[in-house]
**Q** 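What follows is a structure written as structure tokens; I'll ask about it next.
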Amino acid sequence: PSNKFSKVSHLKPMLSLSNAFDKNDMEDFLKKVNNFLNIKNENLEFFSEPKIDGISATLIYENGVLKKGLSRGDGIIGEDILENLKTISSIPKKIIGRDLPKILEIRCEIYIGKKDFLNLKNKFANPRNAAGGSLRQKKSEDTAKIPLKYFAYGFGAVEPMIFKTQSDFFEKITNWNFITNPLIKIVSNLDEIEKQHTLLDEERSKLDYDIDGIVYKVNDFNLQKRLGNTSNSPGWA
Ligand code: IVH
């Protein structure tokens, strides 16, 4: 792995997530969101997604063509790892689709499948380290030898903004051939959140990738905007 990648400022910061460790924490989160939005709406929609335990990266498309690919870095400044990201065949290099935004920045998590990791076990401590090390190879030919995969989960800059909800975003980018996680669900109260948690907990060991939690996001982007971000995490997730 090399440290010699050029540094590039992110168009929008790549934030972290705040944690909820139990049902009480989750209840507090729901209350906070409802209070902030000043609604007593039992049916406020949350989009539930597995939190993939990999390495975050961001892909910038100009008029549908992949132009930049950055690592997260410190969240404000990333590193140019475009050539290495391009070796991942399932990442679209050119998006075929109608009504594409002029600028589309797709945030994703890069990982190595658990089965594929068995062949790399003596070189890296775990699949996450293997993915990180592979993305930081000096020569993209070396990255290309590693079977990296990804799930797209969000966006940075989008101009013009065409997405209304996280579910709309997932549907559109899936149609544009990005890989999105199938274990998604719209939930709208604590019971449904708990059910989804139990379900994913049961599925977890059968998956070919590691997950280190579930992300619950307010589905509506107008409401996300109102909830805003703190310095390092969004108030809507
Ligand atoms: S949403 C504004 N969704 O987790 C931040 N992040 O702790 C919103 N991650 O670096 C992030 N799976 O790379 C989101 N389904 C998912 C995710 C996910 C993995 C990573 C992400 C980020 C870290 C945040």
Side-chain angles (χ1 to χ4, degrees), residues 10-21 25-26 29 32-33 45-60 69-79 81 85 88 90-91 105-114 126-132 134-136 148-158 161 163 165-174 178-187 193 196-197 199-201 203-204 207-221 223-237:
H10 288 299
L11 298 176
K12 299 221 165 159
M14 291 184 81
L15 302 177
S16 302
L17 287 162
S18 48
N19 287 313
F21 292 107
D25 287 356
M26 218 41 225
F29 170 66
K32 218 161 71 183
V33 168
E45 287 185 350
F46 289 86
F47 194 77
S48 160
E49 302 166 27
K51 183 170 182 293
I52 314 302
D53 187 15
I55 300 291
S56 34
T58 192
L59 307 165
I60 300 171
L70 308 177
S71 67
R72 180 176 186 277
D74 63 5
I76 303 294
I77 296 174
E79 291 162 313
I81 53 165
L85 287 167
I88 304 174
S90 51
I91 288 183
E105 180 177 7
I106 298 288
R107 302 256 158 107
C108 58
E109 197 77 0
I110 314 283
Y111 70 94
I112 291 182
K114 289 183 197 166
N126 55 50
R128 189 173 184 278
N129 281 1
S134 308
L135 280 175
R136 304 187 62 83
L148 292 167
K149 295 184 177 136
Y150 78 99
F151 285 116
Y153 63 75
F155 56 84
V158 180
M161 180 60 178
F163 309 116
T165 59
Q166 179 72 357
S167 36
D168 171 39
F169 168 73
F170 252 60
E171 198 180 308
K172 287 202 168 79
I173 66 164
T174 309
F178 287 92
I179 311 286
T180 51
N181 194 286
L183 299 171
I184 49 166
K185 173 115 181 128
I186 289 187
V187 290
I193 284 174
Q196 186 62 7
H197 186 274
L199 187 119
L200 279 193
D201 212 14
E203 290 298 308
R204 189 176 186 176
L207 302 175
D208 190 42
Y209 48 88
D210 285 323
I211 64 175
D212 56 351
I214 303 179
V215 191
Y216 295 98
K217 303 174 182 175
V218 171
N219 197 27
D220 186 308
F221 291 148
L223 298 183
Q224 283 193 9
K225 210 170 177 181
R226 277 173 60 193
L227 286 154
N229 301 322
T230 64
S231 62
N232 64 348
S233 65
W236 43 263

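Order of appearance sets the numbers: ligands from 1, and atoms from 1 within every ligand.
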**Q** Less than 4.5 Å apart, side chain to side chain, heavy atoms only: is that true for Ser233 and Leu17?
**A**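 The answer is no, as the side chains (C-beta and beyond) never meet within the 4.5 Å cut-off.
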
**Q** Take every heavy atom of Ser233, measure it against each atom of ligand 1, and state whether any distance is under 4.0 Å.
**A**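 So Ser233 does not count as touching ligand 1.
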
**Q** Side chain to side chain contact (heavy atoms under 4.5 Å, CB included) between Ile214 and His197: does it pass, once the steps are laid out?
**A** CA-CA 7 Å; Ile214 303 179; His197 186 274; 4.0 Å; yes

**Q** Among all protein heavy atoms in this structure, tell me which lies nearest to atom 9 (N) of ligand 1, with the distance rounded to 0.1 Å.
**A**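 Nearest protein contact, heavy atoms only, for atom 9 (N) of ligand 1 is Glu109 OE1, 3.7 Å.
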
**Q** Taking ring pair (Phe, Tyr, Trp, His ring centres under 6.0 Å) as the criterion, tell me which of Trp236, Phe47, Phe155 meets it with Phe221.
**A**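 Among Trp236, Phe47, Phe155, the one meeting ring pair (Phe, Tyr, Trp, His ring centres under 6.0 Å) with Phe221 is Phe155.
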
**Q** Which one holds for Lys217 and ligand 1: side chain close, backbone close, both close, or neither close, with close meaning a heavy atom under 4.0 Å?
**A**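 Only the side chain of Lys217 comes within reach of ligand 1.
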
**Q** Any non-hydrogen side-chain atom of Ile184 less than 4.5 Å from a side-chain atom of Pro182?
**A**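 Not touching, per the 4.5 Å side-chain cut-off.
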
**Q** Starting from atom 8 (C) of ligand 1, find the nearest protein heavy-atom neighbour and note its residue, name and distance.
**A**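 For atom 8 (C) of ligand 1, the nearest protein heavy atom comes out as Leu17 CD2, 3.9 Å.
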
**Q** Could you see which bit of Lys51 sits under 4.0 Å from ligand 1, with heavy atoms only: side chain, backbone, both or neither?
**A**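 Near ligand 1, Lys51 shows its backbone as well as its side chain.
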
**Q** Do Ser167 and Asn219 have side-chain N/O donor and acceptor atoms under 3.5 Å apart?
**A**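 Yes, because at least one side-chain N or O of Ser167 sits under 3.5 Å from a partner of the opposite role on Asn219.
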
**Q** Taking the ring of Phe151 and the ring of Tyr209, is the distance between their centroids below 6.0 Å?
**A**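 That pair passes the under 6.0 Å test.
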
**Q** What's the shortest distance from atom 10 (O) of ligand 1 to any protein heavy atom, and which residue and atom give it?
**A**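 For atom 10 (O) of ligand 1, the nearest protein heavy atom is Ser56 OG, 3.3 Å.
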
**Q** Which residue and non-hydrogen atom of the protein lie closest to atom 2 (C) of ligand 1, and at what distance in Å?
**A**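 The closest one turns out to be Pro234 CG, 3.6 Å.
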
**Q** Does a side-chain heavy-atom distance below 4.5 Å link Tyr216 with Met26?
**A**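 Yes, side chains in contact.
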
**Q** May I ask you to identify the nearest protein heavy atom to atom 6 (N) of ligand 1, giving residue, atom name and distance to one decimal place in Å?
**A**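 The answer is Tyr153 CE1, 3.5 Å.
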
**Q** What protein heavy atom sits nearest atom 12 (N) of ligand 1, and how far away is it?
**A**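 Among all protein heavy atoms, the one nearest atom 12 (N) of ligand 1 is Ile52 N, 3.0 Å.
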
**Q** Relative to ligand 1, is Ala237 under 4.0 angstrom through side chain, backbone, both or neither, heavy atoms considered?
**A**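 For Ala237, there is no contact with ligand 1 at all, from either part.
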
**Q** Please evaluate residues His10 and Thr58 with respect to the criterion side chain to side chain contact (heavy atoms under 4.5 Å, CB included), reporting the C-alpha separation (whole Å), side-chain torsions for both, the decisive distance (0.1 Å), and the verdict.
**A** CA-CA 9 Å; His10 288 299; Thr58 192; 3.9 Å; yes

**Q** Geometry only, no angles: is Leu15 polar-contacting ligand 1 at N/O separations under 3.5 Å?
**A**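 Between Leu15 and ligand 1 (N or O atoms, distance only) the closest approach is not under 3.5 Å.
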
**Q** Under 4.0 Å from a heavy atom of Glu49: which atoms of ligand 1 are those, numbered in the order shown and with their elements?
**A**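 Here the atoms of ligand 1 in question are 3 (N), 15 (N), 16 (C).
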
